[in-house]
Colleague: 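The structure's right below; bear with me while I get my questions together.
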Amino acid sequence: MRAAALHSAAGALLLTALAAVPASGLPHADAPGVPVAPAGPVAAGRTLAPGGTLTAGRALAPGVALAAARAAAEGVAFGKCSDAQDLPGAMQCGTVAVPLDYAHPDGRQIKLSVSRAPATGRDPHNSKRRVPRQGALVFNPGGPGGSGRYFPLIGLLPEWKRIAAAYDLVGYDPRGVGRSAPVSCQDPKRFFKGPSPAPDHPSQSYKKERIAQAKAYARGCATRTGSALRHYTSLNNARDLDVLRAALGEDRLTFMGASYGTYFGALYATLFPSHVRRMVFDAAVDPDPAQIWYRNNLGQSAAFESRWTDLREWIAAHDDVYGLGDTADEVLNSYERARARLAEEPAGGTVGPGQLQGAFLQAAYYDDYWPGRAQALSEYLKGDPKQLIAQAAPARAAAAEAENANAVYTAVECNDAPWPTDWRVWDRDNTRLARVAPFETWDNVWANLPCAYWPAPRQRPLDVRTGPGELPPTLILAAERDAAAPYAGALEMHRRLSGSVLVTERDAGTHGIAGGPNRCVNAHLDAYLLEGRLPARRAACAGRAEPKPKPDAGH
């Protein structure tokens with residue numbers, strides 16, 4: 001499903017404090033084992049499993065080893081970033097070459113765009129004290145399709161200065177994203193559609209229209225990307241990460257992944273456990289192969305209904321500020337009045353029910369958005385649409401970036417696993433779900449439906465699992481009411497990664513909690529990354545304070 005632009009507290013803080021916007025990312029989905037016919041020949045080094053899915057996992061290890069050895073010898077020639085006029089002087093940029101297909105490591109290469117801010121070596125609490133460098137900390141913000149290129153700027157924020165003192169902060173565009181051989185599925189000028197509807201219970205004619213759009217989008221991915229399309233997978237993202245590790249001169253990887261980044265980080269931990277130094281999984285995705293990706297999306301849609309209720313209850317508690325109703329149901333009635341009015345006359349000619357839903361979906365990811373969204377809705381219903389237009393209108397200037405992020409999201413998730421190919425399965429499951437969780441269910445379907453008609457072969461998901469002693473201790477962070485990465489996924493990740501420790505932010509739902517306002521969470525993060533210290537198997541932190549209503553809030 002479509003997500004907010006950033007997938008972690010780190011990213012959200014960075015956006016707020018520095019106004020440096022990474023590529024829009026997307027969260028996750030998942031799949032029952034429905035067979036799909038392969039399109040085209042199977043790449044050498046892999047076999048076709050029954051039903052047209054590709055077996056996946058360690059078979060391409062020699063190709064990865066060769067690419068990593070080559071990258072270690074070449075290193076990364078960091079220099080001035082091409083957009084340096086917009087970036088602080090400490091930011092450096094370079095590229096790392098990876099094989100498009102690890103079965104043919106000497107074949108076509110693509111270059112990953114990499115960024116770095118070298119460790120400052122300065123204790124933020126004592127300027128005279130030098131801090132020993134601990135190597136590179138590589139970050140991925142999620143998606144698939146999210147860019148981490150601006151991540152090194154996070155070191156300018158107070159919550160990150162201790163980590164920035166000890167680590168080179170490294171971000172990058174994964175394969176297909178941004179400046180790393182970008183993928184496209186349609187003309188970016190056609191990507192943003194507004195105004196658009198967002199029916200909770202779509203008609204048969206509307207469903208047929210969306211099915212036709214999904215088929216056209218899948219064809220567009222194949223046409224615009226060609227035979228390379230099959231190589232955009234989570235497993236290849238994990239393999240690329242090992243090549244990047246080698247290029248950075250690191251014998252073992254220190255990595256932080258948020259949202260989807262936790263999934264291919266877990267794949268990395270399974271494939272290359274001896275190459276791991278420390279790993280942080282922030283807003284962990286359920287890595288169970290049976291959940292990748294169709295079933296995870298069903299769980300996500302259900303969880304968003306609960307988070308949407310949280311948001312409405314918060315608005316109701318501040319009825320004296322917003323005047324939208326003093327119960328969650330009354331707030332819902334106000335929202336529905338706005339939807340109906342926008343369906344008749346879109347605000348500013350671009351904001352319809354679909355754009356309203358998208359704006360409030362973003363608030364379901366990050367509670368920092370609650371005051372601004374509530375104020376915009378309140379003002380709109382009182383006759384002033386300016387704030388709603390500002391917050392919800394399609395950002396057409398970012399169309400190319402958003403289209404690219406959506407293309408990568410679709411390609412990776414559709415390639416990763418089998419999906420139902422019979423529309424009746426989608427219709428049955430989501431009609432049933434929408435009866436109790438209407439807020440996000442159908443929008444989630446439309447975002448992922450191209451996978452039902454995908455032209456490339458699917459992989460069989462790797463069984464993420466490590467045994468005792470195979471993997472160094474790792475840290476999993478999770479908010480108890482996170483809808484984009486439901487808490488059950490963190491529990492499953494914890495079960496599957498032997499020796500992992502789970503830190504839970506209680507009664508909170510912001511998507512991605514590392515480096516945010518919760519001092520307890522940050523203390524665990526700092527202790528792990530800086531000293532290698534972890535609590536017992538599980539620990540809990542009290543939830544962050546709810547946002548305060550601001551009558552003039554805009555976000």
Side-chain angles (χ1 to χ4, degrees), residues 1-3 23-31 34 36-40 143-146 175-177 181-199 202 205-234 260 293-294 297 301 352 354-355 357-358 361 394-396 398-427 430 440-459:
M1 60 165 293
R2 281 181 190 82
S24 296
L26 312 158
H28 27 276
D30 72 352
V34 180
V36 180
R175 62 169 58 204
V177 176
V183 171
S184 174
C185 290
Q186 69 180 127
D187 184 345
K189 294 177 182 177
R190 296 175 49 232
F191 181 73
F192 280 128
K193 299 178 180 68
S196 62
S205 61
Y206 185 75
K207 290 175 182 178
K208 288 180 180 179
E209 179 183 343
R210 295 309 300 254
I211 290 169
Q213 291 175 8
K215 290 178 178 178
Y217 189 83
R219 287 195 302 270
C221 294
T223 300
R224 295 171 77 92
T225 306
S227 61
L229 184 62
R230 69 180 65 200
H231 299 297
Y232 294 91
T233 67
S234 294
Y260 164 75
W293 287 110
Y294 180 79
N297 257 352
S301 294
Q355 288 66 47
Q357 194 271 350
L361 174 64
R396 301 195 188 280
E401 181 181 52
E403 190 281 325
N404 166 240
N406 195 72
V408 176
Y409 168 79
T410 306
V412 170
E413 295 216 348
C414 294
N415 284 334
D416 266 1
W419 288 75
T421 57
D422 186 343
W423 162 251
R424 291 174 296 183
V425 174
W426 297 71
D427 198 20
N430 289 282
E440 174 56 14
T441 293
W442 285 106
D443 188 63
N444 217 346
V445 170
W446 311 135
N448 293 286
L449 191 55
C451 294
Y453 312 107
W454 197 241
R458 322 303 179 83
Q459 293 194 333

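Keep in mind that this is a model prediction, so the values were computed, not measured.
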Colleague: How close do A402 and F192 get, counting heavy atoms only, and between which atoms?
Modeller: CB-CZ, 3.7 Å
Colleague: Within the structure provided, determine whether C221 and L229 are in side-chain contact (heavy-atom separation under 4.5 Å).
Modeller: yes
Colleague: Could you report the tightest heavy-atom contact between Y206 and P197, atom names first, then the distance?
Modeller: CE1-CG, 3.7 Å
Colleague: Ignoring hydrogens, what is the shortest heavy-atom contact between A407 and C185? Give both atom names and the distance.
Modeller: CB-SG, 3.6 Å
Colleague: So W426 and W419, would you call those rings parallel, tilted or perpendicular, with 30° and 60° as cut-offs?
Modeller: parallel
Colleague: Hey, mind stepping through S234 and D416 against side chain to side chain donor-acceptor pair (under 3.5 Å) and telling me if it holds?
Modeller: CA-CA 7 Å; S234 294; D416 266 1; 2.5 Å; yes
Colleague: Please name the pair of heavy atoms, one in A417 and one in R458, separated by the smallest distance, quoted to 0.1 Å.
Modeller: O-CB, 3.6 Å
Colleague: Just wondering, do Y217 and W446 contact through their side chains at under 4.5 Å, heavy atoms?
Modeller: no
Colleague: With a 4.0 Å cut-off, would you call D422 and R424 a salt bridge?
Modeller: yes
Colleague: Would you say N415's side chain and A411's backbone share a donor-acceptor pair under 3.5 angstrom?
Modeller: yes
Colleague: Considering only heavy atoms from C-beta outward, does the side chain of W454 approach that of T421 to under 4.5 Å?
Modeller: no
Colleague: Please assess N448 against Y409 for the test side-chain contact (heavy atoms from CB on, under 4.5 Å), listing each intermediate value before the final yes or no.
Modeller: CA-CA 9 Å; N448 293 286; Y409 168 79; 2.6 Å; yes
Colleague: Please round to the nearest 0.5 Å and tell me the distance separating atom CG of D443 and atom CG of N430.
Modeller: 11.5 Å
Colleague: Calculate, to the nearest 0.5 Å, the distance between atoms CG and CG belonging to N444 and L361 respectively.
Modeller: 8.5 Å
Colleague: Do the side chains of W442 and K207 get nearer than 4.5 Å, heavy atoms only?
Modeller: yes
Colleague: Nearest heavy-atom pair of K193 and Q186: which atoms, and what distance?
Modeller: NZ-NE2, 4.2 Å
Colleague: I want to check something: taking the side chain as every heavy atom from C-beta on, are N404 and F191 in contact at a cut-off of under 4.5 Å?
Modeller: no
Colleague: May I ask you to test the V408-Y232 pair for a side-chain heavy-atom distance under 4.5 Å?
Modeller: no
Colleague: Quick one: does Q355's side chain get under 4.5 Å of P394's, heavy atoms only?
Modeller: yes
Colleague: For the pair R175 (side chain) and H231 (backbone), establish whether a donor and an acceptor sit closer than 3.5 Å, ignoring hydrogens and angles.
Modeller: yes
Colleague: Determine the minimum heavy-atom distance between A405 and G145, stating which atoms define it.
Modeller: CB-O, 3.6 Å
Colleague: With a 4.5 Å limit on heavy-atom distance, are the side chains of E440 and Q357 in contact?
Modeller: yes
